[in-house]
Number of protein chains: 2
Amino acid sequence: MNDSVLTPERILAAAEDVLRRYGPGKATVVDVAQALGVSHGSVYRHFASKAALRDAVLRGWLERMMAPLRAIAASRTAPPARLRQWLATLRAIKRDKALGEPELFTTYGALAANAREVIGEHVEHLREQIASIVAAGVASGDFRKVDARATALAIFDATSRFHYPGMAHLWGMPGEDAAFAQLVDLLLAGLAPTSAPGKRRKPVA
Amino acid sequence: MNDSVLTPERILAAAEDVLRRYGPGKATVVDVAQALGVSHGSVYRHFASKAALRDAVLRGWLERMMAPLRAIAASRTAPPARLRQWLATLRAIKRDKALGEPELFTTYGALAANAREVIGEHVEHLREQIASIVAAGVASGDFRKVDARATALAIFDATSRFHYPGMAHLWGMPGEDAAFAQLVDLLLAGLAPTSAPGKRRKPVA
DNA sequence: TGAATGACAGATTTCAATATCTGTCATTCA
DNA sequence: TGAATGACAGATATTGAAATCTGTCATTCA
């Protein structure tokens, strides 16, 4: 396993693997070093601390997991449908991880618990994406004239119930789909222009 | 301390006290019995198990804590203002407990974690109160014609961010008040009648 | 006679001794 | 010379034996 130069990337990959196999409570820096065939001291040449290493792993995971969202936010779908799709996708991503790979989900949840910084950035990115969709909707006349950033925060908060990991225990219950749809309907109604529903570019369901 | 007959009420009061003093992890049935000056076997004559006792304590606590909400839900304030006030009060109650008596809040949080049944009922009551306000608003014409029960659930879900104990760690942050106001505004906008902004008291159709 | 007791078994928790881990750094290696 | 090592100190986690707790029930008490 030591057939190549030791890089942060290789360490990251090994850390991810170790973390996946042992879980966040058991994975040690020594384990990671062992997987790479080096001494644990070498790992500290590339990462200042175990926390830094875990943060980097978490960051990469979030990055990969959220890629589909960036695509949707940047798409040209009409803003109401785009927002709906974006929110549904965010929910689906989290839900699939939580229900499909529970232990992995728990692992990353544990990482996240001690990485406020990383989570803060992550949430900020998501908010920006929502804000961009809202802004597009305001510009197109599909939405009322709202403050895009503040409204984005409200939308993010309002949907916490369906994406905040601490509420994952509810995601498998019956009626979740209907509840989510109902909530999104209410939010979109709240964004709709107040008076005449006239100037939309693309009629939506 | 054994100057009276042993009743479930006295046990409950003692249990509450012990729980408050020792915390949920340390409080034992023996402690409760000791506080009452009886043997712990006697406690089991009135409560089938420690879990049942804890459930009863939790139930009483929730009951007392949520009393103001019942009053608001039953008031004659115009439905939009009533809903706003109800939501603000729910938030305030939780927030005050969480920030003002953190350890007690944690204690009850721990109780709640193992009392799905009790929590389920509690949530159901809250939902019913929201539904009654929404129904009143629909009847008065202040709200769109929505399904009161489903919408109540959506409103409850949408505001989880501000009342679900698992998110208490956010409640002290700056900007929380604004974020809450923004969210409630959005929800009320979503409930407003589509055409004219309803102000009428009770015209009905 | 019905409420209260307390000894008991099995489950759970505590605690301190032991082992492991993190992060550093003087030294080695190529 | 710069990357890698591994011994080390202090912090953290593990472990298993001892203590405590839950829930039961035959017996006592009033």
Side-chain angles (χ1 to χ4, degrees), chain A residues 1-58 103 106-107 109-111 113-118, chain B residues 1-58 103 106-107 109-111 113-118:
Chain A
M1 266 275 190
N2 54 358
D3 50 349
S4 150
V5 193
L6 190 59
T7 63
E9 287 72 28
R10 288 189 60 223
I11 295 175
L12 224 49
E16 203 161 329
D17 195 50
V18 167
L19 224 32
R20 179 184 293 265
R21 279 220 301 278
Y22 295 75
K26 289 285 179 61
T28 74
V29 175
V30 173
D31 291 332
V32 174
Q34 211 154 45
L36 290 162
V38 301
S39 81
H40 79 280
S42 299
V43 171
Y44 283 94
R45 178 164 302 279
H46 300 273
F47 290 92
S49 65
K50 187 185 188 182
L53 179 54
R54 307 207 317 178
D55 282 5
V57 171
L58 176 60
E103 66 296 326
T106 307
T107 290
L111 291 197
N114 308 313
R116 288 215 174 176
E117 178 82 9
V118 176
Chain B
M1 267 275 190
N2 53 358
D3 50 349
S4 150
V5 192
L6 190 59
T7 62
E9 288 71 29
R10 288 189 61 222
I11 295 174
L12 223 49
E16 202 161 331
D17 195 51
V18 167
L19 223 34
R20 180 184 292 266
R21 278 221 301 280
Y22 295 74
K26 289 283 179 60
T28 73
V29 175
V30 172
D31 291 331
V32 174
Q34 210 154 46
L36 289 163
V38 300
S39 82
H40 79 280
S42 300
V43 172
Y44 283 94
R45 179 164 301 280
H46 299 273
F47 290 93
S49 65
K50 186 184 188 183
L53 180 53
R54 308 206 317 175
D55 282 5
V57 171
L58 176 59
E103 66 295 328
T106 308
T107 290
L111 291 197
N114 308 314
R116 287 214 173 177
E117 178 81 9
V118 176

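Lettering follows sequence order; numbering is per chain, from 1. All values below were derived from every heavy atom in this structure, side-chain atoms included, with hydrogens, water molecules and symmetry-related copies excluded.
- A:Asp31 places a side-chain N or O within 3.5 Å of a backbone atom of A:Thr28 that can act as its donor or acceptor partner.
- Contact of A:His40 with D:dG6 (side chain to base): no donor-acceptor pair of N or O atoms is detected under 3.5 Å.
- The side chain of B:Ser39 places no N or O atom within less than 4.0 Å of a non-bridging phosphate oxygen (OP1 or OP2) of C:dA4.
- One atom, NZ of A:Lys50, and another, P of C:dG23, lie 8 Å apart when rounded to the nearest Å.
- Separation of atoms CD (A:Glu16) and OG1 (A:Thr107) is listed at 11.5 Å; rounding is to 0.5 Å.
- A 3.5 Å limit on both hydrogen-bonding distances identifies C:dA7 as the Watson-Crick or G-U partner of D:dT24.
- The NE2 atom of B:His46 lies 9.5 Å from the CZ atom of B:Arg10; values are rounded to the nearest 0.5 Å.
- For the contact set between residues 12-30 of chain B and DNA chain C, defined by any heavy atom under 4.0 Å, the members are B:Lys26.
- In this structure, A:Arg45 places its CZ atom 13 Å from C1' of C:dT27, rounding to the nearest Å.
- Shown are B:Val57, B:Leu111, B:Leu58; of these, the side-chain contact (heavy atoms from CB on, under 4.5 Å) with B:Val118 is made only by B:Leu58.
- Going from atom OH of B:Tyr44 over to atom C1' of C:dA7 covers 15 Å, rounded to whole Å.
- Whole-Å rounding puts the A:His46 NE2 to C:dT24 C1' distance at 16 Å.
- In this structure, the CD atom of A:Gln34 is 13 Å from the C1' atom of C:dT20, given to the nearest Å.
- Shown here, D:dG2 forms a base pair with C:dC29; the pair counts as Watson-Crick or G-U wobble because both key distances fall under 3.5 Å.
- Residue A:Leu6 contributes atom CG, which lies 8 Å from atom P of D:dT5 at whole-angstrom precision.
- If you check D:dG16 for Watson-Crick or wobble pairing at under 3.5 angstrom, you find it paired to C:dC15.
- If you take NE2 on A:His40 and CD on A:Gln34, they are separated by 11.5 Å, rounding to the nearest 0.5 Å.
- Side-chain atoms of A:Asp17 never come within 3.5 Å of backbone atoms of A:Ala14 as a donor-acceptor pair (strictly under, hydrogens ignored).
- Look at CG on A:Asp31: it is 15 Å from P on D:dA13, rounded to the nearest Å.
- Taking 4.5 Å as the limit, some side-chain heavy atom of B:Phe47 sits within range of a side-chain heavy atom of B:Leu12.
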